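Since the structure comes first, as structure tokens, the remarks are kept for the end.
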Amino acid sequence: MPKEYNPSVIEPKWQRYWEENKTFRAVDFDPRPKYYILDMFPYPSGAGLHVGHPEGYTATDILARYKRMKGFNVLHPMGWDAFGLPAEQYAIDTGTHPAITTQRNIETFKRQIQSLGFSYDWDREVNTTDPGYYKWTQWIFLQLYHRGLAYVAEVPVNWCPALGTVLANEEVIDGRSERGGHPVIRKPMRQWMLKITAYAERLLEDLDLVEWPESIKEMQRNWIGRSIGAEVDFPVQGHSANIRVFTTRPDTLFGATYMVLAPEHPLVELITTPEQRPAVQAYQEAAARKSDMDRTELAKEKTGVFTGGYAINPVNGKPIPIWVADYVLVSYGTGAIMAVPAHDERDWELARKFGLPIVEVVAGGNVEEAAYTGNGTNVNSANDEVSLNGLETPEAKEKITEWLEAKGIGKKAVNYRLRDWLFSRQRYWGEPFPIVFREDGTPVPLPEEYLPITLPEVESYQPSGTGESPLATIEEWVNTTDPETGHPARRETNTMPQWAGSCWYYLRYLDPKNDQAAWEPAKEKYWMPVDLYVGGAEHAVLHLLYARFWHKVLFDAGLVSTPEPFMRLVNQGMILGFSYRYYTADGRPWSYKEVRLEGESAYVKETGSLANAVYVPLSEVVWRDEKPYHPEYPELELEELTEKMSKSRGNVVNPDDVVREHGADALRLYEMFLGPLEAVKPWNTKTVSGVSRFLARTWRLFFDEQGNFTVTDDPAPDALMRLLHRTIKKVSQDTEAMDFNTAIAAMMTFVNEVTKSPVRPRSVLEPFVLLLSPYAPHLAEELWEALGHKETLAYEPWPTWDEALTVEALITMPVQVNGKVRAQVEVPADADKETVLAIAKDHDRIKAILENKILVKEVVVPGRIVNLVVK
RNA sequence: GCCGAAGUGGCGGAAUGGUAGACGCGGUGGUCUCAAAAACCACUGGGGGCAACCUCGUGCCGGUUCGAGUCCGGCCUUCGGCACCA
């Protein structure tokens, strides 16, 4: 036996043992209760793992190991979300096939993940880029298609000229591409859309079925954005057309003094008068050229142009002018609004700017000064048939909606902010669609037996530039035949977005090698739903919403048995890194103290010059008097920031380095000891030594300096027994609640106490090894073996505690006078109030304080506190 | 602007309405050593006092309570998300 704790020897040993014995194989249909614990699978990037990845993985691994010991049949799988832009970008730059890059990255990730001792069932590994996997992604797409949930549309999309591709809304941030920060403009293109809006209501309602953080549910609710109101038709003067609007404030209908159409609204053409046509067309063209960012930036000042046309306000018969303005979005509601300037801020601004009438219909504000958007009592709201005057807002809404319905010119309506899901990318490295187009452009879904439609080899990964994917250039792949008619047909050259593969991977884990079906129904029934899903909050909305949508479609198709896929969700908080920076301007460096920040820009205080921030990698920072300095300019003190880890900030911590220096068990423990799982917290490599010391101290409970085994079968002293049972209770409860940081603190206390004791009783140390095992599995297995066991401890029953042993016979109670602690008294744990009070009042200090005072009130909380109130 | 989360020592953090600061890092002193590292032991929120102790202290202002980091009302700051959504 080695003399010292040596993770570099014991960790590979146990990793090999677990792999060879398939210790963590999940058994289908086992009679034990099942527990499905899922990690968000990673995109295997070229940069390898950073310390953020193992945070969630360690948490789930601790829970998986704990649940096994509690008698559950645990499914804990891992896989790769491997389609996506970075591999393709790399292919464009180097000509390396993305499959090769992907394979290489997966190998690195897998090696790194395995070096941390996670108890995954590797026989269930999945890879979204494997044709055996994406065959079923394509198959699910066909299910969506056959249910009328996938359609082709010519829609204005976010076209990024620099990337040569179309981006999803969520990939555009402030009008620029999320990757690379290139400008994005709107351009109409033929796209696949998924009708997620058909499921809006259920996606909203069923949030009640799942145990997720309230904040995530709220984000999803906001994203779906349900609002209740009315649809109202406004006849256009001089035409047979109607303009339909959606409004949440039908009660303000009498105050509608003009209308606004989105620039893209189809009726603009019809309504515009010849005199106004040039102005309207110019406005439309300007709006089309604007990127989303430009539109948003110009939002400070409302713009718009009169069409020359008029509509009739259906409640009072008055003609009202129709305007075009880009603050009305074609993609929300009906793309047209009734403008009520008195009670809507945007309408008020436009009305003020162009001198349009403002008519108050809800009392409560001063509409001359600002729009009044709150509730109130209706005024000026009556015609021959209906009057809202005197009604409060909710009643007014109801009454006018009834009237509109009776007249057949409007009805109650629900609208969602959620849009249909733009489901195609003009990229090579993604799942091809199982669709061909006939010569007339009709899409034909390919029969299941044609799947998978695999990616062809290409010579260049460069986007075609026309907006089509590189696949469009491979004639022999694109040109095919319609399986129904045998006529020539062309393949769809778009590919699916990265979300596709991650929308259902949790189902493929159930039956990963099945080539006859995506999964066997009986296995789905056995394992689903996922009991615990852990991942980053960055997927709070999109991944989780998309996956829920697919799951509900599969549920409706009878392919899965639960309405929701993920019963419980936990978001691990991001781990931040320390970064260090200074500034340069006018050819010289400046300290952060010499610049002032204005938003994102920095200016030298002295000269006013614009300064650039420069980051110094963590490894190059020079420390003096605990302050960070520049390596080459010794006087230049650096600014310390805690920021998201990224290459450009030089603050990325590689878990390999931590494993090399301290071992995997120490890394696991440190990740969890950092703070609560869900909190955002900074990584400080220096303090890993604390948990590392704890593990070495644990080792020394079992071995002396000569490497002799010190554990004996002697009976344990009462104090140690009680300590053990308190520790079992605390670690059990905290592990269950995922309060891993405090569970570790309890184990540290245990080790500190036992270290001070002269004895090493097996009856205390053996259960402790089991408590430690989910957290530091390698060390625990090694100690378990040293204790004489031949089998892994992974399935040993979790220790139980005796409640009687967790409480002491004599307890120390604080005695307060007027809420301030003045003394400590020892009392029997089961003493009644009178006894406790008597002991407290008998204490010398208390006696002294109580002298010459009137005792007003005596508070005794058994086992907790005594408080004496005096005057 | 709207929605959500959070503000506690030098630092990460801990506290069913009941002794604020567990556990860890860092720091100070000591043991061991020729010396150092490692390890071990003790102390470590601020102020005052030789000491027993006293006093202040959980972002700010109020409130409820015998008792508030915790509950209530009103602010401030930071972070995350959304943002012309009619």
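Here the structure is a predicted model, which is why all the values come from computation and not from measurement. What you see below is based on every heavy atom in this structure, not just the backbone, and it leaves out hydrogens, waters and symmetry mates. Residue numbers start from 1 in every chain, and the chains themselves are labelled A, B, ... in the order their sequence lines are given, proteins ahead of strands.
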Does [X] have a side-chain nitrogen or oxygen under 4.0 Å from the phosphate oxygens OP1 or OP2 of [N]?
X      : N      : answer
A/R697 : B/rC40 : yes
A/S227 : B/rA86 : yes
A/R700 : B/rC40 : yes
A/N571 : B/rG80 : no
A/K820 : B/rC56 : yes
A/R221 : B/rG4  : no
A/R693 : B/rG26 : yes

Using a heavy-atom cut-off of 4.0 Å across all strands, would you classify [X] as base, sugar-phosphate, or nothing?
X      : answer
A/R822 : sugar-phosphate
A/P676 : sugar-phosphate
A/V859 : base
A/N741 : sugar-phosphate
A/K686 : nothing
A/Q816 : base
A/D347 : nothing

If you look at every heavy atom in [X] and [Y], which pair is closest and at what distance?
X      : Y      : answer
A/L695 : A/A666 : CD1-N, 3.5 Å
A/A540 : A/M219 : CB-CE, 3.7 Å
A/V245 : A/T334 : CA-OG1, 3.3 Å

Relative to its sugar, using the 90° cut-off around 0, the base of B/rG9 is syn
### Derivation and outcome, side chain to side chain contact (heavy atoms under 4.5 Å, CB included), residues A/L542 and A/W499
CA-CA 9 Å; A/L542 297 164; A/W499 306 106; 3.8 Å; yes
Among [options], which nucleotide has an atom closest to any side-chain atom of [X]?
X      : options                : result
A/K756 : B/rA86, B/rC41, B/rG26 : B/rC41
A/E218 : B/rU19, B/rC3, B/rC82  : B/rC3
A/N867 : B/rC66, B/rG12, B/rU19 : B/rC66
A/R417 : B/rG4, B/rA20, B/rC82  : B/rC82
A/M748 : B/rC23, B/rA86, B/rG18 : B/rC23
A/R845 : B/rC82, B/rC53, B/rA86 : B/rC53
A/V861 : B/rG81, B/rG18, B/rG26 : B/rG18
A/D326 : B/rG18, B/rC84, B/rA86 : B/rC84
A/T687 : B/rC25, B/rA86, B/rC82 : B/rC25
A/P682 : B/rG18, B/rA22, B/rG13 : B/rG13

The complete set of side-chain hydrogen bond (donor to acceptor under 3.5 Å, both in side chains) pairs with one or both residues in residues 855-871 of chain A, sequence neighbours excluded, reads A/K841-A/E858
Please determine if [X] and [Y] form a salt bridge, counting it only when a charged side-chain N lies under 4.0 Å from a carboxylate O.
X      : Y      : answer
A/K681 : A/E55  : yes
A/R221 : A/E218 : yes
A/R726 : A/E808 : yes

Review point. Would you call the rings of A/Y258 and A/W323 parallel, tilted or perpendicular if under 30° counts as parallel and over 60° as perpendicular?
Key: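 Perpendicular, since the angle between the ring planes exceeds 60°.
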Measure the acute angle between the ring planes of A/W683 and A/Y670, then classify it against the limits of 30° and 60° as parallel, tilted or perpendicular. perpendicular
When A/V680 and A/N818 are each assigned the nearest nucleotide of RNA chain B, the 5'-most assignment goes to A/V680
Which comes earlier along RNA chain B counting from the 5' end, the contact point of A/G675 or that of A/Y327, where each point is its nearest nucleotide?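 It is A/G675 whose nearest nucleotide is closer to the 5' end.
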Would you measure the distance from the [atom1] atom in [N] across to the matching atom in [M] and give it in whole Å?
N      : M      : atom1 : result
B/rG24 : B/rC41 : P     : 10 Å
B/rG13 : B/rG7  : C1'   : 13 Å
B/rA15 : B/rA22 : C1'   : 8 Å

Exercise. Whole angstrom is fine here: how far is it from CH2 in A/W683 over to C1' in B/rC11?
Key: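 Result: 16 Å.
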When rounded to whole Å, the CG to P distance for the pair A/L641 and B/rC79 reads 11 Å
(Q) Requiring both pairing distances under 3.5 angstrom, list the stems that contain RNA chain B and are made of three or more consecutive Watson-Crick or G-U pairs. (A)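 Paired runs of 3+ in RNA chain B: B:1-7 with B:76-82, B:10-12 with B:23-25, B:26-31 with B:39-44, B:45-48 with B:53-56, B:59-63 with B:71-75.
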Is there a donor N/O on one and an acceptor N/O on the other, under 3.5 Å, for the side chain of A/Q824 and the base of B/rU19?
yes
